[in-house]
Every structure is written in structure tokens, then in C-alpha cells.
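Notes to accompany the following structure.
Numbered from 1 within each chain, the chains take letters A, B, ... in sequence-line order. Computed from a predicted structure; not experimentally measured.
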Number of protein chains: 2
Amino acid sequence: MLTIGSLGKKTGTKVQTIRYYEQIGLMPEPGRTEGGQRRYGDAEVDRLSFIRHARQLGFPLEAIRELLDLSDNPDRSCHEADSIARRQLKQVELRMDRLKALQTELKRMIHECSGGNTADCKVLEVLRDHSECLTDHDAIGA
Amino acid sequence: MLTIGSLGKKTGTKVQTIRYYEQIGLMPEPGRTEGGQRRYGDAEVDRLSFIRHARQLGFPLEAIRELLDLSDNPDRSCHEADSIARRQLKQVELRMDRLKALQTELKRMIHECSGGNTADCKVLEVLRDHSECLTDHDAIGA
DNA sequence: CTTGAACCTCTAGCAGCTAGACATTTAGAA
DNA sequence: TTCTAAATGTCTAGCTGCTAGAGGTTCAAG
């Protein structure tokens, strides 16, 4: 039986985060000692590892909830899990495209900096002049 | 003189967002009509465009605050603006690297999906088995 | 039996908005 | 001039995914 602290160490998760996952129903309510402290078994280690791994792959918690649900019902179709993963891949690739565009413009900005005073700073100038901008749309969340 | 709504349209900013920027001191308190409605002039259009453009390039609001400050004082050195931009570029490149790693693993996951039921779903299996994972560290924020 | 580390709950905060409730103002048409 | 509908006003709460702190209790080792 593990304390919350050692579960955290095993899975690379902060204690607060584990309690948070419990609160939002991603982790089950564990057994408690008489004094009220949480105690975990192997199943919880696996579940939390799964969650953390998926988080590292950028899956949002809601997607992870679905994946866990699928994982709990081994007779359901694999297609759902597959499509969640594909969705996630699409998100990742979209974000990459945006970042590439940003990178280009940032490089251009910096490249043109001559190093005088801000009155003729290219960085500020580029930011001021929206017209040359190539990445107009909704790149903010990138 | 523009209403907050037309300022928003001109700059591609939601009304609520403009008020939010005012609240946190990024935008100045504008003049008001007798009835208390905000009215904006050209200076505000420029300032808000600057902010939005910088946001599209992924600059955090605090960095934008600094950039605006530099922009307001044309005699200061351009180096500060330049280093803010460089910092931002580094961030962007770091995020790109992470996303690339995620993309690789997601593709591998999906590629191996055979399409049965979830009992032998590769997607779930990969998530379950942390040991094959290449992107261990702090990829979460990517 | 004592100590000090680890645990408990609860609340608030981060970024950067977004959405809703509800009241007031404005601009144009009748 | 008066009506009306859209736009504005303030205020509060919510989103994601945690993180930090206050202030109190429990546990395990010595």
C-alpha cells in the first residue's frame, strides 16, 4: 500500500495533482487509513501512469477520460481510441504549422534589427505595421 | 470616435477582451460619452493592433507590456526589444521540438492500430506501457 | 512519548480570455 | 418626439490544468 507521496514519486506526479485528479473523477477515491490518509494499490499506479503518459502526449483531460473509459471496457471497438489519437495528432500538427509561421516572422523581425534606439527598432516596427504580416488569422493559441 | 464594438471589429478583438486589457492596464482608460460609453481614437486603434499582432506571435501579455513601454520611449535602446523577441523565438522553437517528438509517437501509436476491439488496441497499449516512451521529461506543456 | 515529515481540507491564484445576468444608453425609424 | 432594438455598461463566474498556501492532523521512527 502506497501513500499519496510515494504514488506521486513513482509516477512523477505532484501530490496536489493526484488529489485534483481524484476531485474531477479521473482517479477513483482510494481507501483510507483510520486517520483518513489515502492508500493506493497497483491498479492506481497503472491508472495514474496511463494518465500521465497521455498528458505528456498532450491529450486533454477529457480525451483521457474517454480513453480510460475505453480501456475499462475491453470489448468496445478500438476505433474510438484510434480516432481520439488521430484527433490529437491533428491538433499537434496544426499547432506545429502555426509555430512554424511564427518562427519565420520572428526570425525576420530579429534579423532586421540594427541595434540603434527604439525609434527605428525593426522589432517594434514590425509589430506596429500589421500589413506585412503573413500569419493573420487565429494563430494566438499556438 | 469609435465605439468599443467598432474598435473590436477594426482590430479583430472581442469587446470583452478590450475591456479586459483596460482592466489590466494594457489599454488606457478611454474617454466616455455622457452616458458612460467608451469612445476611442486613432491612437487606441494603433495600440490595440500592436497588442493583437504581438499576441498572434505568441508574446505573453507581460512581454507585450514591456514592448509597449519601449515603444512609448523612443530614446531607449533597441536591444531590449530585440532580446524580448529572441526570448520569444526560443520559446517557439522549444515548443516545436516538443511537438515534433509528440507527433512521432502519436504517429507510431496510430500506425500500429489494427482495428479490433480495445482489448488489443495498440493506442491504449502504448499509453499503458510507459517503458517504450521516448518523450519522458516535461513534454506536458507543449 | 516525542518529534518532524508527510498528510488532511479548503481556498485562492496563474494566463488570457469568455460567457452570462441584468441594467442602461444610443442611434435610427415612425 | 417617441419608440425600439442593438449595443453598451458593470459584475461575477467559468474555462484548463494545475500550483501554492494556510492551518490543522496523522504517521512512523527513534
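- Regarding contacts with the backbone of D:dC27, a side-chain N or O of A:Thr33 is found under 4.0 angstrom from either OP1 or OP2.
- Between the CD1 atom of A:Ile4 and the P atom of D:dA28 there is a distance of 15 Å, given to the nearest Å.
- The separation between A:Arg39 atom CZ and C:dC7 atom C1' is 8 Å, rounded to whole Å.
- Annotation: side chain of B:Arg128 is not in contact with side chain of A:Asp46 (no heavy-atom distance under 4.5 Å).
- Side-chain atoms of A:Gln16 and base atoms of D:dA20 include a donor and an acceptor less than 3.5 Å apart.
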| Which nucleotides of DNA chain C pair, in dot-bracket form (Watson-Crick or G-U under 3.5 Å, | meaning another strand) | ||||||||||||||||||||||||||||||
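- Toward the 5′ end of DNA chain C lies the nearest nucleotide of A:Arg38, the other residue of the pair A:Gln23 and A:Arg38 mapping further downstream.
- The OH atom of B:Tyr20 sits 14 Å away from the C1' atom of D:dG14 (whole-angstrom rounding).
- Between the CG atom in A:Leu26 and the CZ atom in A:Arg65 there is a gap of 5.0 Å [rounded to 0.5 Å].
- In this structure, the side chains of B:Gln88 and B:Leu57 stay at 4.5 Å or more apart for every pair of heavy atoms.
- Using a cutoff of 4.0 Å between basic side-chain nitrogens and carboxylate oxygens, A:Glu22 and A:Arg19 are not scored as salt-bridged.
- With A:Tyr40 as the partner, the side chain to side chain contact (heavy atoms under 4.5 Å, CB included) test is satisfied by one option alone out of A:Ile4, A:Val45, A:Leu48: A:Ile4.
- Side-chain nitrogen and oxygen atoms of B:Arg55 include at least one within less than 4.0 Å of the OP1 or OP2 phosphate oxygen of C:dC17.
- The phosphate of D:dT19 has OP1 or OP2 within less than 4.0 Å of a side-chain N or O from A:Thr17.
- With a 4.5 Å cut-off on side-chain heavy atoms, A:Arg47 and A:Pro28 count as touching.
- Checking the phosphate oxygens (OP1, OP2) of D:dG17, no side-chain nitrogen or oxygen of A:Tyr21 falls inside 4.0 Å.
- At C:dA19, one or more side-chain N or O atoms of B:Lys14 fall inside 4.0 Å of OP1 or OP2 (strictly under the cut-off).
- Results of the side chain to side chain contact (heavy atoms under 4.5 Å, CB included) test with B:Leu124 over A:Leu67, A:Asp82, A:Ile84, A:Leu68 single out A:Leu67 as the only residue that passes.
- Going from atom CE of A:Met27 over to atom P of D:dG17 covers 17 Å, rounded to whole Å.
- B:Glu44 contributes no side-chain N or O that, together with a main-chain N or O of B:Pro30, makes up a donor-acceptor pair within less than 3.5 Å.
- Atom CZ in A:Phe59 sits roughly 13 Å away from atom P in D:dG17 (whole-Å rounding).
- Residue B:Arg32 has a polar side-chain atom (N or O) positioned under 4.0 Å from OP1 or OP2 of D:dT10.
- At whole-Å resolution of the value, CG in B:Leu2 and C1' in D:dA7 are 14 Å apart.
- Within 3.5 Å, no donor on the side chain of B:Glu62 pairs with an acceptor on the base of C:dA15, nor the reverse.
- Counting any heavy atom pair closer than 4.0 Å across all strands shown, A:Ile24 reaches no nucleic acid atom.
- One interatomic measurement links the two molecules: CG of B:Leu61 to C1' of C:dC14, which rounds to 12 Å at whole-angstrom precision.
- B:Arg52 has its CZ atom 11 Å from the P atom of C:dG16, to the nearest Å.
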